[in-house]
Every structure is written in C-alpha cells, then in structure tokens.
Amino acid sequence: MNIAVYTLSALLVPFLLIGFVQKAKAQLQNRVGASVLQPFFNIFKLFGKNQIISEDSSGLFRAGILVNFCCFAYLIWSVPWLSFSPAISSVDIFLFVYLLATARFFSILSALDTGSPFGAFAGSREATLSFLVEPAMILSLVAPSILTGSSSLERIFSFTHQVSSQNPIVWIFAGISLFLVALTDLSRMPVDDPTTHLELTMVHEAMTIEASGRNLALSEIGYAFKLAMFFGLSVQCLLHGIAFCLPSDQWILLAMSIAGIFSLGLLLALLETVLVKLKWTKCPDFIAYSLTMGLFACIAALGVRA
Amino acid sequence: MWCFLTSGMLFIASILGIILSISSIAAPFHYSLQFPIYLGLAPVEFESDTTSSIFSILLFGLSLAFSIFSPSYLANKNANELRLFWSGSLLFIASMAGVLFSGNAILFLICWEIMSLSSAALVASELLTKNTAKASLIYLSATRVATTLLALGFLCANNLFHSWNFSDWHLMRQEALIPALLITFGCFIKAGLWPFHLWVPYAYFAAPAPVAGLMSGVMKKIPIFLLVHLLCFREMADFWIPSFFLALGAISTLWGMIFALVQTDLKKILAYSSVENVGLIMLALGAHLVSLQLHVANLASLFLVAAIFHLFNHGVFKSLLFFASGSIYQNAHSTNLNNLGGLAKRMPGTFLLFLFGTMALCSLPPSNGFYSKWLIYEGLLQLVNSSNIAVAVCSVLLICVLIIAGALSLATMAKVVSVTFLGRTRTKLAQNATECSEFMIVGQGILACFCVLLGLFSAPICLYLVQILKLASFTPPSLFQFTIFSVFCIGIVYVSFLKQPKKSSIYSTWECGFGNLTRRMQVNPESFSQPIAALFSPLLRYRIKAEVSGKDRRHFPEKVVAESTTQSVLESKIYTPLVQAVAVLGKHINRLQAGSIHIYLFYLLITLLLLVVLELVR
Amino acid sequence: MISFSPFMFSFLQAIILASAIMAILMVGTGQIRSNIMFYSLQTLCLALSACFCAAIEHELKHYIVALAIFFVKTIGLSTFLFWITKRIGAAKDLGLYLPLPIAMHLSVVLLVFAQILSNQLPHLNHLQPLAIGGTAGISLILTGILFMLTRRLAISQVLGFLTMENGIFLFALTQSSGMPLFIEMGIFLDVFVAVMISGLIIFKIKHSFEHIDVTLLTSLRD
C-alpha cells in the first residue's frame, strides 16, 4: 500500500508541480497558460521525436545525460521528500550531496561534449553556482542531523523524535535555507531565468541546448524529480518546525506535505512574477543569504545540544 | 633491449614485494645485519609492522604499474637519458622500500636521503628538453630543509630516550614536544602541506609523468607513514600538534583546490590537487588525535582508517591520472590544456581510464575516493554530536571546508576532462594524436582496476584495516545498496549504447546561424574557471587584462586580446624575500672563507681556545 | 506578576532573536532601501518585545515606550530615511574593506560571540527566559559597528548608529526591566534629533561635495 502510494506520488507530483508553477505564473501575469498536465504531454512528445546529435560529440554526451537521469531516479526513490519512509533505502546526507554532485558533473560534461560555447558558458556557471550553494545545502542538512543525532535522511525526517522547545527555530531556518538553495540549484528566478529567449544568460536551459528528443526528455524528467525533491525536503523541514501542533496520522501528514509542496510552488510562481533576474555578479550576494540561514540553523542546533 | 629487461625485473620484484608485504601482515619479520656493515650508531636492521606492510603494498602495487607503463613512455629517448631514468627510479623505489622497513632512525634517515636525492635527480632528468633546473633546485632545497628538521628531531628524541629505535620513542609525552614538533614540521614540508607546498607544482610539472605518479602516489605518503608510526595510536599530552594538523590540513585542502582551478597545465592541476589530498589526510589524522584526547576510541579508529584508506586511494588514482597525462604528452605533445581537446575520439582507452581517475579524484559516489571522504565526513558529524562545544563548532566548519573543496575539485576536473578530451582539438599538434601503446594502457588499466576494486570492497577493506591495526571497532557505512544501483545504472547505459535509437541524426553543433564554429570558439580553460577565480581574486591576485582595438571598438573591433594572470601570494610575498635574505646573508658569510691558509689557522686557534674556555667554565 | 505560558515565553524569545537576525540580514545587502526596510522590521520586533515585557511585568511605561518605538522609529525614522534616500539619489552602498556577504557571515560569528559573552554576565533580571535579550542586545551593538565599518555612504553610517542604539535599548529592557521613563524618552528625543540633524548634514555634504562617500572626506581633518 505504502509503496504503491509512494510510487504514484513520485510519478505524478514532480510533473504536476512543474505544470502547476507554469499555470500559476501565467495566471499571475494575466495569461491563460497551458494546462497543468502539459509537462506529461511534452515528455511524451519528446520521446517520440527525432534526436539530433552533434558531430563533434563523443559517446559521453548520451552517457552523461543517462547518468544524470539515473542519479535523480535513485534519489527520488530514496530521499524522504514526502512524510513517508521511502521505498528502497535510506540515503545519508553526504551521499545525498555527492549524488547531486555526480549528476551535476556528468551534466556539465555532456554540455561541454559538443564543443558548443553556450553549453560551456552554462557549465562554467553551473559549477560556480554549485560551489556557492553546497555549503548552505550541507549546513541546512547538518543542523537537523545534529538535533536528531543521526546522519541518515530517513531517520532525520521521521517524525518520531521528541520536540524540545527550541527545535522549531532550527527546523524553520533549515527549511528556509533549503528553499533558497533550491531556488539557486534549480536555476530559478533571482539567479537564472528559465524562460528567457537568450542562451547566453541561462544556466540550466543552456546546458541542455544540444539535447533533443529522448535525451532532452530524460534531462527534463531529472529536473522535475530534483524540483520535487528539494521542495519536498524543504516542506518536511517546515512541517517538523510545527510538529508540536500536528496530528500523527500518516495520511493527513502526507496530504499536508503534498499541499505544502504545491504552496511552495505557488510561492515560486509569485516570486518569479515579482522578482527580476539578478546580474550574474550579484548572485553571490543572494546565495549568501541561504548560507546565513544555514548558519543560523546550525548555531541554534548546537545551542540546543549544549 | 636492456630497458625491457630492467622493467621486467622491476615487474617481478614488485610482485615479490607485494607477496612479501601481504605475508608480513600475518607474520612480521625482523632482520638485522650485524657484523660487516655497521652504521656507527645503530645496526642495519629491517623490520616490518602492520603500517609499513600496508604502505609497502601501495608502493609495490604502483611500481608494478610503473614497470609496465614506463618502457613505452621512454620509447624515443636516447641511451643516456634511459640510463639516468632507470638507475634513478630503481634507486628511488628501493630506497622507499628501505624507509618503510627500516628498523631504526639512522637507517631511516639514510634511506630517506637516498630517496630525496634520487627523486631530485629524476625531476631534473629531462634537463635538455625542458627547463627543469629551477624546479629541481626548488625541490632539492625543500627536501634539504625537511631532512634537516627530521635529523634535528631525531637527535633531540635520541637525547631524551637514549635509543635509536622508533619503538622506544614516546613523542606524545609533554617533555618530548620539541622533537615531536621538529619531526612533524619536517614531515609537513616533505608532504607538501600548505605553507610548504611550493615545491609540489614545480617538481611534478618537471618530472617525467611516471615518476611524478610515483612521487605523488608514494613518496608524498612516506612522511605521513612516519607521522602515523610515531604519533598516532597514542594520546598526545598537549593540543598543539593536533591543532597544527587540523588547521594546516584544512587550509591546504582549500588552498590547493583554489590554485588547481586556475592552472592551465594538466600536470600542475594534478600537483595542486595532491596538495589538497594531503591536506585531507592530515586533517583526518588531526581529527584522530583530537578524538583520542576526547577518549572516543571508535571515532579515533574511524579517522585513522579513513586517513590510511584515503592515502591508499589517492596513491592509486593520482598515479593513474599522472600516467594518463604522460600518455597524453606522448601522443599530443603537450600537457597544456590550451593545446588539447577532442582526444576522446582519438584516445578512447586513455579517456575511459582517465574518467575513472577523475571520478575518484572528485570523490563521486561509486568510486573509492568517495568512500574515504565519506568516512571523514561521518566522523566529523559524530564529533559534532559527542563532544564539547569548541570541537563541535570546529567540525561543522571543517565539514563546510571539505564541501567547498569538493565543489572546487568538481569544477576543476570538469574543466580538465572537457577541455582535454571533449569538443574539438584546439591545435593541429593534437589533431594527429593516436591511442597510446598497449603497454601504457595496461599500466593505467591496472591502476584503474585497483580503483574499482577498492571502491567495490571499500567497507570490507576498512573492517580488515581495523582488524589488522588492532583498533577499536566501528561500523563503517555501507555503499552496498548504492553499488547495486550503480551496477544497474551502468547496465542501463550499456543497453542504451547497444540500442541506437532509430530516429537519430548527426548534425553540426548549434551556432546561432552564425556559420561554422571554429575550434577557437570553444571554451578555454581560463574562461571556464573565470567565474570562481573572480570570487577568489584577492587570494589569487587574479587580473584580467583586456585590450580592444580597431576603428569601431564597440561593435566590430578588429582585435580583442584578453589575458588572465594569477600569482601565488606566498611565493611572491614570503618565499622570494626569504630567499633573497638568505642569499644576502650567504654573501656576507662567504667572506669568512677567504682562501688564505693563515685565516683558516686563525679560525682553528679561536675554536680551540673557545672549547678550552667552555670546558673550564663547566 | 501574572503567570505566563511557556509558549508565550518562547514566542517572546523568538521575537527578540528576530530583531538581531534582521540586523544581521541588513548587513548582507548594499541596497539602501532594503537596509531601511530591515531596520524598520528590526524596530518592529523591538516594539513587540517591549509590549510583551510590559504584559509580563505589568508596567505601563513599557507600553508607552513600545508605542513610542513603533511610531518614532518603525514609521517615522524609516519614512524620513526613505525620503532622504530618494532626495539625494543614493540607491546603493558599494561596501568597504569586506565583501558584504562575508560581512554578513562574520556578523553571524559575532552573534555566537555575543552568546558566549552574555553567558558570562550576571543575570540582573529575575526572568530567566529573557537572558536571550542580552545576547540579542550585544549582537545588535556589534552588528551595528560592523555595519558602519563596512559601508561608505553617510546614510549607512546613520543606519548603523541606529542599530547600535537599538541594541543598547534591548539590553536595558531585558536585563534590568528598562530604564526610567524620562531617560527613555530623553534618549528618544536625542536619537530623533540626531537623525534629523544628520539628515540635514547629509544634504549639505551632498550639496557641496556632490557625493556622500565618507571615505573621501579624510582630507577634511585639518
């Protein structure tokens, strides 16, 4: 039963989330927008399309996209991004960060494999962003792991440990930090604009510029998984922050976490409507805020332990 | 012909050495030569214990790959160069084995000295084709200083404990702080830790690739062996030495990677990355000492095992990468990234093996490099949870430092792999590159096999290390599920390679409708690393000089020249003035040696008088 | 002394900490408008915590002080500063000595330092949960100094000064149940007048030097 519900939500929520964000954004900008189900159609269409491969690329191009996809497929199965215990296995926080790094490494390589200057720009920027964002990511995961005394993600987010009075601060800061990290790592608005028409200014979209057909579909699926996973983890953190007034029934928790993910999606759409893209040299200033939130979370967690 | 004979002999000797070291784990040997040769203060004696056996497995494993790889690498060298290379490297390997198995300090120092001198000769061995004199001199002076500090430390220790045997020394005691510090810093210099890492890029850049592999794979680990032998396993009386380990280790992890990022030469990048890895090992040893002080035995053993395992891994993958750089140099005639590109299609075997090494260097999950780093992370996290607040804050910071260094190494290696192997070739020279000879592939392949085996059996190997080092047991994290997953993943990749999709066509890279992309329009190493380098510009002294000229400068300039420069602050601000000061001092001291016999007689008289007066006063 | 539920106490602690956190977040950005916004949020937290303290200790004067903070600082000063910024056209402070993100991380370190420092101090107040106010107060003072150190523009100097003043107020409020009402009001008047005068001076500087960069005013020392 659990596994069936988990599978279903892992297959549905990521794509619905992307469709939902696009729809909400369109509505906020007084447009009608595509249907919420559009990402499914897109992916089906891409699987049927002809794929074009650059003459300069080696076999690494396709292998890199596949490895990238495999990493996210593994993570969506083993990271507790819903209030459920995952189906396969538990992942350690460091393994989580390094798996993301693996996916990133191979996607950079496949972007550079074609010798395209756009892909190379994007790859270099992606490497820079990951370097800036990874300390914040690890701090926001280390803080709850200090509280719970375990490094396994499943045990950190298990809703069983006792709630002390100062815990909400730690969880909420970790949640905010993870959300900011997600904005950067998923190349969303203040850092990168996913809807611009110019390849030179984009990060994620320019990395996949040479991918087409099945390859593009795989990298889009990977991106959807990553989005759902980051938002899910951030929602889990926030839910733990208010765990003292939550019911313990697992179905209500599941419904709340899915609702939380979609409300973060709404927040994202709102942010993307209001904010403008930052100049590239100003991005570190924005990312510094996520690191500060992570530092607050860690300090609070150390304070609780001491 | 004799070249192949020599390498064959080295091959057999290496296999014998591996067998010997494995058997000596179970039954340690002690062998002493009493009568005919005596070193004045101590006998010539060889003995083995568990740590030296572990290190010698690494040594002989690498020399096995070295013996297969080198003959083809040296194919177009003349007889003189060959003679120097083989005599030097045989002496080098033998002296390293001597250091590992020496039973007392005197023999250790002699072997250490032979090791340093032979490696310095090897660094200078391509003197005629490349300008290696400066590199060799810098390396030589660094290792002289290291030897001096070690010798001083050994003398002090002998003074305290009245023995030349390492087993009689108890450097963790309070009164042995001075010899312990001297030995520690001597080892830091030889290992190339942060303020003393200056010789590393020079020496590895100048040395022939297989020798550079051996130097970074084994020789850099010998000082760590001495530190493990003398300082670890026991609780230090004071906190100075552990904090030196932690601080210098953390700084060199970051510093090494930041400088690796902006280099444009493959061998220099690898050299700086080995500064990072030695920093990581030292950091783990420091954490080991700290957790011994906190009386957490299982954490201490975790850190020690992590340090030794990482040292082993680094030895394997770094020499793999150096060997690969050798085969690139031989076939594309350059290791400068600006001259390379598109080698994946021309040298597929080397590319695949290089990718293995790269994954281990960036510590990406299924590889062996990840596991040892993971152990260190886990240990640091447990250190946060089980100790006083200062240590907890420090270990959170260390986790951050390691993560940042990891991200930097990812950026660096993504640059290296893509600029070397992917895209199009950047020069005509590299366009004619072909795959290297089978022997070179086999030599690298052995190391890649070691990488894979160490990665697959990482948890059992760590448990075995715990057992043979007689440490407190801990439960190492398991990569088992993940390994199954990665096998699964490789399976998917394989299947999808077999099945080329029907609807697929080959076309040129997207160029915005501009026309053909030339090979100069690709990313170059400087531009790839510019965004991160700009963030570290005060540290790197990073400057970009851009010059735009022509009539319409804004839209259609005739000529655009951009050049980025970096400069090492340590080298220009500290070492250069220091060397100049020493040179000036030397000039003044030089006056004492006037060449006149009367003045020498005068010195003699004064010395005699001084000695007599000293004796009278006592 | 009414009985206060522990939940309310932790809420009060959160508000007190929030003021310190707002100050830290203020260090991280060079946009003057966001700086002023963070400052006004910070004083809002201050006013709220004064209100809570009044409810805990049943003192009328704290209510008055809270109201005064809200109207004078949160609304009055912020609007005034917004207006000055608009008038002189200063949108952005480029920062001095340190990159602003690094300065923000440094001020987090200063928060830890403030915690250690306030643990050493004797507890003047009988209310144990308010001990966090000492930490937040010291942290506000230190952050204010750091803010002034890492900025160029005169208007940022005023903001840093105001942050320091908030720190002193918070420290006094939580550690010794506040200062007498007269002194409190006197300080208010002083601060208000000081900001008005410095606003005028900024106008003057802008008028006669064409900029408000304080680092370029070193030649005025004679």
Which bit of [X] comes within less than 4.5 Å of chain B, counting heavy atoms only: side chain, backbone, both or neither?
X: A:Leu132; result: side chain
X: A:Ile108; result: side chain
X: A:Leu291; result: neither
X: A:Ile146; result: both
X: A:Thr281; result: neither
X: A:Pro135; result: both
X: A:Thr114; result: both
X: A:Glu210; result: side chain
X: A:Leu302; result: both
X: A:Phe106; result: side chain
X: A:Val97; result: side chain

In Å and rounded to the nearest 0.5 Å, what is the [atom1] to [atom2] distance from [X] to [Y]?
X: B:Ile506; Y: A:Glu55; atom1: CD1; atom2: CD; value: 8.5 Å
X: A:Asn50; Y: B:Ser505; atom1: CG; atom2: OG; value: 4.5 Å
X: A:Ser57; Y: B:Lys345; atom1: OG; atom2: NZ; value: 6.5 Å
X: A:Leu99; Y: B:Phe370; atom1: CG; atom2: CZ; value: 7.0 Å
X: B:Ile399; Y: A:Leu141; atom1: CD1; atom2: CG; value: 11.0 Å
X: A:Leu139; Y: B:Cys400; atom1: CG; atom2: SG; value: 3.5 Å

Over 12 non-hydrogen atoms of neighbours within 6.0 angstrom of CZ in B:Phe356: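 No - once you tally the heavy atoms of other residues, nucleotides and ligands closer than 6.0 Å, there are 12 at most.
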B:Tyr507 OH: over 12 foreign heavy atoms closer than 6.0 Å: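 No.
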Would you indicate whether the side-chain heavy atoms of [Y] and [X] approach each other to under 4.5 Å?
X: A:Leu95; Y: B:Pro365; result: yes
X: B:Val417; Y: A:Leu112; result: no
X: A:Ser54; Y: B:Trp510; result: no
X: B:Val523; Y: A:Pro117; result: no
X: A:Leu109; Y: B:Leu422; result: yes

Criterion ring pair (Phe, Tyr, Trp, His ring centres under 6.0 Å) on B:Phe528 and A:Phe121, from CA distance to verdict: CA-CA 7 Å; B:Phe528 190 90; A:Phe121 267 131; over 10 Å; no
Parallel, tilted or perpendicular: ring planes of B:Tyr377 versus A:Phe94, cut at 30 and 60 degrees: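 Answer is parallel, since the angle falls under 30°.
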Looking at every non-hydrogen atom in both residues, tell me the closest pair between [X] and [Y] and how far apart they are.
X: B:Leu402; Y: A:Tyr98; value: O-OH, 4.3 Å
X: A:Ser130; Y: B:Ala407; value: O-CB, 4.3 Å
X: A:Ser145; Y: B:Asn385; value: O-ND2, 4.1 Å

Steps toward side-chain contact (heavy atoms from CB on, under 4.5 Å) verdict (B:Phe421, A:Asp113): CA-CA 8 Å; B:Phe421 289 101; A:Asp113 191 20; over 6 Å; no
Measure distances from [X] to the heavy atoms of chain A and classify the residue's part below 4.5 Å as side chain, backbone, both or neither.
X: B:Ile532; value: both
X: B:Leu410; value: both
X: B:Phe351; value: side chain
X: B:Lys373; value: side chain
X: B:Ser527; value: backbone

Chain B contacts, top residue of A:Glu126, A:Glu134, A:Met137 (heavy-atom pairs, under 4.5 Å):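 Option with the top pair count is A:Glu134.
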A:Ser151 side chain to B:Glu378 side chain, donor-acceptor N/O pair below 3.5 angstrom: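 Judged by distance alone, the side chains do pair up.
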